[in-house]
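Everything on this sheet refers to the single structure shown next.
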Amino acid sequence: MQNPFGNNNNNGQNPFNLNNLPLPPNYAKIVNDQGDIRISKVGVSWTTLWFGPFPALFRGDYYNFILMIVLDIDYALVAMFFGLNWLLDFPWPSLAFALLYNMMYFKHLFNRGYRPADQRSKQLLINARYWKEK
């Protein structure tokens, strides 16, 4: 398969044979010891901005899904309790999670034993401050 993104990710240093998988420049591949692979965007999560907690549910990230639901409900209840209904006109929690969700997703997977699958993904995660060299 041709790489339409031109980011030269065919470096031959990958034991999981992901070299022919074309990815946009802002997507990272991570893998665990069992060979499970996750591919996700690094940066702002536009899907979380528009669809709220559903991207977390579809990724199987139940921890962050429940966290988003609880904080969204808490935000609404506090706004209604104090009579600040104007705060409900704009989904402020969705904006906050859009900026933070992809980082939360990667850090949660790193705690479960995942690591960058190749050098390009590793450098991307280091530059975005998602991954620290140990």
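Residues take their numbers from the sequence shown, with the count starting at 1. Quick caveat: nothing in here was measured; it's all calculated off a predicted structure.
- Between the CH2 atom in Trp131 and the CD1 atom in Ile126 there is a gap of 8.5 Å [rounded to 0.5 Å].
- Minimum interatomic distance between Arg129 and Lys107 (heavy atoms only, all atoms of both residues): O-NZ, 3.9 Å.
- With contacts defined as side-chain heavy-atom distances shorter than 4.5 Å, the pair Asp89/Trp86 qualifies.
- Qualifying side-chain contact (heavy atoms from CB on, under 4.5 Å) partners for Phe90, counting only residues two or more places apart in sequence or in other chains: Trp92, Leu95.
- Scored by the salt bridge (Lys or Arg N to Asp or Glu O under 4.0 Å) test, Lys41 finds no partners at all (sequence neighbours excluded).
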Exercise for review: Determine, step by step, whether Tyr63 and Met104 satisfy the side chain to side chain contact (heavy atoms under 4.5 Å, CB included) criterion, reporting the C-alpha distance in whole Å, the side-chain angles of both residues, the deciding distance to 0.1 Å, and the verdict.
Suggested key: CA-CA 10 Å; Tyr63 175 81; Met104 292 167 38; over 6 Å; no
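- Both Leu87 and Ile69 are members of a single hydrophobic cluster when ILVMFWY side chains are connected at heavy-atom separations under 4.5 Å.
- Applying the side-chain hydrogen bond (donor to acceptor under 3.5 Å, both in side chains) rule to Asp74 yields no partners; only residues at least two apart in sequence or on another chain are considered.
- Side-chain contact between Pro116 and Leu125 is present, with heavy atoms from C-beta onward closer than 4.5 Å.
- Residues Gln34 and Asp36 bring no donor and acceptor atom of their side chains to less than 3.5 Å of each other.
- For the atom pair CG (Asp72) and CG (Leu77), the distance works out to 11.0 Å, reported to the nearest 0.5 Å.
- With rounding to the nearest 0.5 angstrom, the CG atom of Asn111 is 7.5 Å from the NE2 atom of His108.
- By the 4.5 Å heavy-atom criterion applied to side chains, Val31 and Arg115 are counted as neighbours.
- Under the 4.5 Å side-chain heavy-atom criterion for grouping Ile, Leu, Val, Met, Phe, Trp and Tyr, Tyr105 is not connected to Tyr27 through any hydrophobic cluster.
- Remark: Asn127 engages Gln123 in a side-chain hydrogen bond (donor to acceptor under 3.5 Å, both in side chains) (not counting sequence neighbours).
- A continuous path of ILVMFWY side-chain contacts below 4.5 Å connects Val70 to Val78, so both sit in one hydrophobic cluster.
- If you chain together hydrophobic residues whose side chains sit under 4.5 Å apart, Ile37 and Leu109 never meet in one group.
- Here the straight-line distance linking atom CD1 of Ile39 with atom OG of Ser121 works out to 8.5 Å at 0.5 Å rounding.
- Cluster annotation: Leu99 and Phe65 are assigned to the same hydrophobic cluster (Ile/Leu/Val/Met/Phe/Trp/Tyr, side-chain heavy-atom contacts under 4.5 Å, transitive).
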Point to revise | Chi angles and distances behind the side chain to side chain contact (heavy atoms under 4.5 Å, CB included) call for Lys29, Asp118 | key: CA-CA 7 Å; Lys29 297 177 276 190; Asp118 58 11; 3.0 Å; yes
Enumerate, atom names and distances included, each donor-acceptor pair closer than 3.5 Å involving a side-chain atom of residues 45-58, sequence neighbours excluded.
residue	atom	partner	partner atom	Å
Ser45	OG	Thr47	OG1	3.4
Ser45	OG	Thr48	N	3.3
Ser45	OG	Thr48	OG1	2.7

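- By the side-chain contact (heavy atoms from CB on, under 4.5 Å) test, Leu88 pairs with Tyr75, Ala76, Ala79, Met80, Asn85, sequence neighbours left out.
- Listed by chain and number, the residues in a side-chain hydrogen bond (donor to acceptor under 3.5 Å, both in side chains) with Asn64 are Asp61 (sequence neighbours excluded).
- Minimum heavy-atom separation, Pro25 to Leu124: O-CD2, 3.7 Å.
- With sequence neighbours left out, Tyr130 forms a ring pair (Phe, Tyr, Trp, His ring centres under 6.0 Å) with Phe106.
- Legend: residues meeting side-chain hydrogen bond (donor to acceptor under 3.5 Å, both in side chains) with Ser40, ordered by chain and number and at least two apart, are Arg59.
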